[in-house]
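Labels below follow one simple rule: chain letters A, B, ... track the order of the sequence lines, proteins then strands, and each chain is numbered from 1.
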Amino acid sequence: MLSALHGLSQSLDAYLVLAGVLFAIGSFGFLARRNAISMLMSIELMLNAVNLSIIAFGAFSTSLNVDASVIALIVMASAAAEATVGLAIVIAIYRNRKTPLVDEYDAMRQ
Amino acid sequence: MTGLAGLPLVSLVTFLPLVGAVIIAFLPSGRPQLVRYAALGVALLTCAVSIVLLVGFSAKDPAFQFVERADWIPMFGIQYKVGVDGLSMALVVLTTTLTAISILASFGPIQNRVKEYMISFLILEVGMTGVFVAMDLFLFYIFWELVLVPMYLIIGIWGGKNRIYATIKFVLYTLVGSLLMLVAILAAAFTFQASQGSWQNAFDVQTLAAYAQTGAFGGTFGFLAFGAFFLAFAIKVPMFPFHTWLPDAHVEAPTAGSVILAGVLLKLGGYGFIRFALPLFPEAAHTWAPAIIVLSLIGIIYGAIVALVQPDLKKLVAYSSVSHMGFVTLGIFVFQQQGLQGAILQMVNHGLITGALFLLVGVIYERTHDRTIAKMGGLGSKTPVYAAAFGFFVFASVGLPGLSGFVGEFLTLLGTFVANPIAATVATFVMIFAAGYLLWMFQRVAFGELSEFLRGLGDHLTDMKPIEAMTLVPLGALVVIFGLFPGLILDLVAGSVAATLNAVQQTAPVALGLWR
Amino acid sequence: MHLLPSLPFAVTEATPISFVDASMYPLLISLIPLLPILGFAFTALFGRRLMARWGRGAAEIVPVGTVIVVWVIALLVIVPALTHAEPFGEHGFETKLWTWIPAGSFQVDLGFHVDALTAVLLLVVTTIGMLVHVYSIGYMAHDPGTWRFFAYLNLFMFSMLVLVLASSWVLVFGGWELVGLSSYSLIGFWYHKRSAALAAKKAFIVNRVGDVGFALGIMAIFVNTGTMNIQDSIAKLIETPAAALTIPLPVVALLVFAGAMGKSAQFPLHVWLPDAMEGPTPVSALIHAATMVNAGVYLVARANPLFAHAQEAMVVVAAIGIFTAIFAASIAFTQTDIKRVLAYSTLSQLGYMFAALGVGAYAAAIFHLMTHGFFKGLLFLGSGSVIHAVHEEQDMNRMGALWRKIPITHWTMLVGTIAIAGIPPLAGFFSKDEILGEAFKFAWFDGLAIGYVVWGVGLVVAMMTAFYMWRLMGKTFYGESRVDPHVEPRIHESPWQMTLPLVLLAIPSIALGMVLGLPLGDSMLSRWLEPVFKESEAFLYGEGRAYQLFGIDGYLILASVAVATIGLVAGWMLFGFFRTRGRRSTVEAITNANGATRFLYRASLNKWWFDDLNDLLFIRIGGRVAAFLWWFDRTIVDGAVNGVGFVTRDAGGGLRRIQTGRVQNYALGIAIGLLVMAGSFLLIVGQPR
Amino acid sequence: MTLPETIPFLGFGWDDLLFMTLAGVMVGAALLVVVMKDIIRCGLAMIVCFAALAGLYVLAGATVVAAAQVLVYIGAISVLVLFAIMLTQTKSGPGSLVFQTQAFPAAIAAAILAVLIAIVVAATDWPEAASRVPTSAVDLAKTLFSDYVLPFEVVSVLLLAAVVGGVFLAKRERGGND
Amino acid sequence: MTTSDLVLLAPFVVAILLAAAILVIDFIAPGRTVAALVVTFVGLTLVGAMVVVTGQHPGTAFRGGYVVDELTTFLDLLFLSIVALTMAFAPDYLEGRGLPVAEFAAVLVFAMSGAMLIAGSADLLVLFLGLELMVLPGYMLAGYHKTDGYSTEGAIKYFLLGSFSSAIFLFGLSFVWGITGTTSIAGVSAYLTQVVTGTGPLSPGLGLGLAFLMTGVAFKIAAVPFHYWTPDAYQGSPTPVTGYLSVGPKIGAFALIIRLFGDTLGPLAAEWNIVIVVLAALTMTLGNLVALTQDNVKRMLAYSSIAHTGYMLVGFAAYGAGQIQGLEGLLYYGAAYTFMNLGAFAVIAALQKRLGVTSNLSTFAGLIRREPALAILMTLFLLSLTGIPPTAGFFGKFYVILAAVQAGSVQHNGWLTGLAVLAVLNAAAAAFYYLRVVVYMFMRDPQGELPSLQHGRLVWAGLAVATVLTVALGLFPGVLLGIVEHAAEAVTQLAG
């Protein structure tokens, strides 16, 4: 019955599900973690999930094949840019608040 | 056709106060007296122009006159179109006159921030006149809303101690109604556009009215749209049960504010019914009429009864307004000539008489800084002239024949009787209550020995000053003139009345009747 | 047999008499109401200054002068109108000033109509009005507000004249309200007196109750006929078949009668009149005895065809009239305030008039209106003189034995008393007897039972009237003096301005009956008024009936004279004449009696508790209702409005809580939103297309 | 010697095995990233995860992307993150609680999300789900500089902007606090 | 890439160069505010010129990746004016707090370039990048006052949630792309048309993708329930930034919506329109209700901006229901909202020039005494926000509601009519909190007399422009209407 797994790596669904799972994990991290940086990392996970799905799509269609890689690269770059800004902001607020725990940043509410 | 010497007179009447306001804005606020006289000058000039208009107006022809039009937002066929027919004419003159008087009446009472006050007042006049002359729904709506702002400031800045509550209540309440009306306006305009395939004249009142004659605004749509209009106007009038903003607003507003509020603002509602609601939705009007008549009757009696027990002079007059304006809506919705003419007459008279009553209350308030009836008494001996003037307008308000109040009320009642005797009978009983609350109030204020409270004031309690008398004399004169020659107004508005009536097809009178 | 044959108009067949050219009449008629209003305006505006500057005389000259002029002009109009001279003819002359209310089909002229009926009223109003003005000069000699008083009097003259002259219902209503106003101002003339202020208000409001009916009646008339002109509308009303009328005729008639009840203080709207005595006595004489209170009678007489053609209405009128008559008389028995006694007697007499109208004795009613106007005016002015003499004391228990001190007043009042009592040949006898006789015959010949009732009760009332009038005389002028000793020495007869009118009024009180009431059955007055009433009378009685002096009418005369005499004698027994004998005991015996008598006594004393009833109904209960409604307005109506506001704001207050300030919460919110969004999209996509 | 087509006893191909291994590693590492207490370890776990992901890219034939993945993520971003961690760790270490109070609902939401995606993926019949084709670097370069030149340029601008802002925010205020 | 491509892209390029230039200037002469400002405004005018010029010859570039049409031109000009106005009243505020103006300008211009890219993009990928380029600088600006706890807190909240939503957006994008096989808007649109006409399958995957896209976008325009970041970010940010954030990214995001859902998903309108309706209803209502109870004017305006998003969505829903007027209304509303809202924030910023002045209501107590001019202008802007004629705000509302009513009566679409009614009821409720500020300014006495401030010429100039436009757009909408009309047509052409 394990042979049911045969050709798993040949199926787009597998990759996409994987991507979905990764995305879900990332979002869980984002919702659950308190530390700003952990949340940042979670976001990175989600972006990677996106990339994975893009690559997967590309891998299984001749027409999209090349475009997939290109898009993935571009997404990566933008992710990098986001990370830069994000970390800068984290550092800035850490200077003010002396804590990386986001749920303690609730001076403004309601 | 524009004005006599090719002048755009209507626009002149409408926007002259705006010009004045701008000029006043540049006067030094350090010199209130200058500002006051400037404002008065502008108001009088406007009044004069409106008189010129009246003179040039031919009551013979029922059509709109002095019409000026220019494309404004062609994309929607929105135009700047103004003109006057008899109805507008009467109310415009009423507006300009009362504004001038109110400004004069503010000389004494308003001591701080005179400049802002006068500017607000003049802008208010622009709005009110505009509503009466606008012949384009969009334009009308703009003026309609424009009225809110200055009134909001006048009550809110120069009002009594509870002014902010009152003014916000006033604005919000009015706004709810008028915004729904906006939706209805758009719907109507669009229905027209959809049928014509173009926006040409889609907001033009006459065009739409003519279009409505084809029954286009019937059915559920008409019913709902009329409902929206009704809400807007009923709140302004105000009809029971939408009247509760009025006592608060009146009590808090400065004297002149109350005068204009009662004298003109309430008329916007009645005018709206006649000019817009009926011609645009004749079918729905008939459907709604019974309900509206019942509400009016309740308002008439209820307002009077509640007025009986008011401890505060202004509140009493405010509730009397509810009662009196009930006649207006009653007269309108019996779809009957005498009723409608009476309603219009009643609007004018109520403007003059209630305005005067508020002025008189203001006079006493100036001296006592109190309006509690219980504290008054015996003014007859201390300030005879004041008491006499008060008495005069009280009886005018009671509806004494020979003074203007009577004719309007009687015609309204008569019209109602023709349409529906039962309703008329109910309404007529207000004659008793009106006499009740007014005479009781007058007795407690003017008769008897001078009260402790007033005696305490000593020499502060002076009789009327000339300037105060000057504000009242014209009103009194008009009350007498219109009492003896109501024809002056009736003939003026006859045309509009006829037009409105055959717009609503004076067919089936309301079917509550006993003998119908 | 004619008395005073020299009198120009005392000729049997009314030969037309006219003093001026016909074209003058419009002007003259218009001047009659116009002058008084001008007088009012002038006095109201300048009277105060004139009085301060040149004394009261300066303030009085204009108003009094005006009224005298008006009286003269009025005579110029009255005589030809009564004698049916051109342009008046039988149906009167109408003149129009301008169209008052032009409202499409509803056209109201501001115009005047003068016929015999109008003329009679004009005669009463202007004559008594003039005399009262003169009298007031003396009576108000010490009042600081004289100018105001005369201004009001002129205003009243104007209003009353408009009322009687008006050619259209609406204008009648106008005068109707205006006399209400002037009566209000005059009752409340001493406004610092709370009782006066209250009485004035009460008078106006109670009148308004009747006016509601009148107003509705007018509207009904318009709906039925489409015209407001009195003559035309009446003509239309009676010729239109009942079925074709929107509003049934009886309803119309009764609505109009409601107005009359208010003005003429008929039960149950009688409550205002006694209180109205708070006003200065000349006012009571003029307005509340001689003129205004007759307006109701005039109105019904004017509208007589309406009633004639609506028998139900007639019955109601008669019933209410005669009931008021006896009801008021019963109260007059025990009142001690001299003016109140007269007031109740006025009520009672007005009741007579309505009873007469109710049984179709229109001419008789008007006749009584005239005679009563004069002798009641006389009595009131006399009482005023008495009050004046005893220094503003009105309680008869503090008078007595005055007849020597103020002889003129005494003798004139005695004339008045005998006149009202109905002793021939004084005026009262003729009019009252005619009423009773007509009532009886109405039942006898036309078989309407109400006639017997009116006659029977009428007789009783006649007796009572004679009795309480003598009681008044006795308590005031005879017996031993109960006057305050300090005042006693200073009692004096009134000045000539006051006594002269008394004398002038005494003359018609004596003679008027003989002048107008003879020959019996075909009197001068009835001939004058014949055109006004002939239609109705024809409708009611068919062909006229021969007058049988030595038949039924004779017995009726005897009956009424008999009861009047009995009443007088009874009064004499109890309240004496010139000299006192020990009769007080009997009076006390009655006042202290037990059982029914006691009840009746107390009922009469407390005016059958009517004021208390009104107080309960309108002040207490009504006040509660109003207070409740106000509470309702603030709490329910306004509460709802504010409620919406509060709810909205609180909703906002609640919603803002979801903004916790914690990113993760926000994120979770977004995530859930995402899930919902995804779900809904999948659903939408899932839909078959 | 050559390997058999399918792995004995297991019955599926080698690359299937490879796929499963990488996937397992990746998911495991990802989970560690979001659940571990010590944030530094989280950072390291993230690196592992990214590496596994690179492996998957290779498996999917996108070698260039895989390379980029190694360079950008492992080489740059992760390091950046680690630096940030160092900078922001108070001596006391991370707050006692790793998780938000709402961790549980968050977990549920995430689970639902995963399931949802899975179902959708399963339910969708993807266009031309043929067999994988490897990507040639040359074509990639061609495409990048022909079709995708605008995005490419924009990305550079994006990075520039990010750097400018990042520098401004992160640099200490002269005389500023801390 | 050809020269023609570059010509069409010129405005964008110039904007980037401008940003660079500003940085260079600042590098050469640090702290020379004036120089930086001069460069900025000169540059902006230049960009404006370019926009107008390129706007003359519409066309597509980069193989359909970038398009210049009336919509692009309109939006570009709008963004330009937004940035210009922001720059007009920012310096006073920034210098008071020792914050460098040059960097601010540079970052702002970057953001603008991003927005411009969105406006012109005809390709999903470009769209995404434009979005990133617009919001990343936004994050920085939010945290620009980095020594201030609130500013940074706002920034991090904005950033975290923002990137979360970007990820979601991207995920959706990948799915859509994976299924349709193209990133070009026209392509996707064509594919969807097939789907609608039934020649192509509509798969769940696509639905999911759309959902994710929609979520991402809804977040950017701060539609309920994705609005959470707005109040905190707005309140925390330095006031000029708040002003910018409240209009710039919002309009940008709406540009995104129009490009994405207007063009791309036009064919699927039937599917997603109901969602838009619900979003609109929720957004207006919640925004207004919560705003009722706010005492901090900035925060209040944040919620009000949520509400205004709702009104714009009404217009968009009407468009979705097939009324082109809806789109026109939306655009008009955008313009109107820009000027009145920026004006309001300009006033607040001007007041906060004095350090330590909070944006609480109490700040406004008796303003008419201290700063009559500012008070009157503020009143004008607030009235416009309320929608009282004759102001821009009124005509904006008028327009979208008209569209909704039309949609309602044309398609007998009860939803839209209901939406219109709800909208006006909201407007009425909104009056309460706007007028509350007026109450404070006119009807309350100031606590503690402060000397009135000196405001820079720039501020006055900016206010003047905002005022004039607020009034003009209300009184003479005709001018703008034409442009808006064409812009809207352009959208439909591109889609069809």
Chemist: Less than 4.5 Å to any heavy atom of chain E: does that hold for the side chain of Y105(A), its backbone, both, or neither?
Modeler: both

Chemist: So for Y303(E), is it side chain, backbone, both, or neither that comes closer than 4.5 Å to the heavy atoms of chain A?
Modeler: side chain

Chemist: So F171(E) and F212(E), would you call those rings parallel, tilted or perpendicular, with 30° and 60° as cut-offs?
Modeler: tilted

Chemist: Side chain from CB out, backbone as N, CA, C, O: work out which of these in T293(E) comes under 4.5 Å of a heavy atom of chain A, or both, or neither.
Modeler: neither

Chemist: Counting heavy-atom pairs under 4.5 Å with chain E, which one of A36(A), A49(A), A92(A), A107(A) comes out on top?
Modeler: A107(A)

Chemist: So how far is it from M112(E) CE to I16(E) CD1, rounded to the nearest 0.5 Å?
Modeler: 8.5 Å

Chemist: Is L129(E) close to chain A through its backbone or its side chain, or both, or neither, when contacts mean heavy atoms under 4.5 Å?
Modeler: side chain

Chemist: Measure V90(A) against the heavy atoms of chain E and call it side chain, backbone, both or neither at under 4.5 Å.
Modeler: both

Chemist: Could you tell me whether a side-chain N or O of T180(E) sits under 3.5 Å from a main-chain N or O of V176(E), the two making a donor and an acceptor?
Modeler: yes

Chemist: For chain E, which candidate among I93(A), I71(A), I54(A), V102(A) shows the most heavy-atom pairs at distances under 4.5 Å?
Modeler: I93(A)

Chemist: Within this structure, what is the OG1-NZ distance for the pair T215(E) and K220(E), rounded to the nearest 0.5 Å?
Modeler: 12.0 Å

Chemist: Using 0.5 Å steps for rounding, measure from the CD1 atom of I118(E) to the CZ atom of F128(E).
Modeler: 11.0 Å

Chemist: My understanding is that only residues two or more places apart in sequence, or in another chain, count here; which of them pass ring pair (Phe, Tyr, Trp, His ring centres under 6.0 Å) with Y144(E)?
Modeler: F168(D), F104(E)

Chemist: Would you confirm whether R95(A), through its side chain, and K146(E), through its main-chain N or O, come within 3.5 Å as a donor-acceptor pair?
Modeler: no

Chemist: Would you mind checking which part of S166(E) comes under 4.5 Å of any heavy atom in chain A, side chain (CB onward), backbone (N, CA, C, O), both or neither?
Modeler: side chain

Chemist: Would K157(E) and D106(A) count as a salt bridge (Lys or Arg N to Asp or Glu O under 4.0 Å) if you check the C-alpha gap in whole Å, the side-chain angles of each, and the deciding distance to 0.1 Å?
Modeler: CA-CA 10 Å; K157(E) 285 176 175 174; D106(A) 57 359; over 6 Å; no

Chemist: Below 4.5 Å from any heavy atom of chain A, which atoms of Y150(E) appear? Answer side chain, backbone, both or neither.
Modeler: both

Chemist: For chain E, which residues of residues 78-86 of chain A have at least one non-hydrogen atom nearer than 4.5 Å to it?
Modeler: S78(A), A81(A), E82(A), V85(A), G86(A)

Chemist: Counting heavy-atom pairs closer than 4.5 Å to chain A, which one of D148(E), L160(E), L125(E) comes out on top?
Modeler: L160(E)

Chemist: If we only count heavy atoms from C-beta on, is the S246(E) to L301(E) side-chain gap below 4.5 Å?
Modeler: no

Chemist: I43(A) versus chain E, heavy atoms under 4.5 Å apart: side chain, backbone, both or neither?
Modeler: side chain

Chemist: Which region of A68(A), side chain (C-beta onward) or backbone (N, CA, C, O), has a non-hydrogen atom less than 4.5 Å from a non-hydrogen atom of chain E, or is it both or neither?
Modeler: both

Chemist: Got a second to check how far L127(E)'s CG is from L213(E)'s CG, nearest 0.5 Å?
Modeler: 9.5 Å

Chemist: Side chain, backbone, both or neither: which part of E153(E) has a non-hydrogen atom closer than 4.5 Å to chain A?
Modeler: both

Chemist: Can you tell me how the ring of F30(A) sits relative to the ring of F164(E), calling it parallel under 30°, perpendicular over 60° and tilted otherwise?
Modeler: parallel

Chemist: Supply the atom-to-atom distance L52(A) CG to F57(A) CZ, rounded to the nearest 0.5 angstrom.
Modeler: 10.5 Å

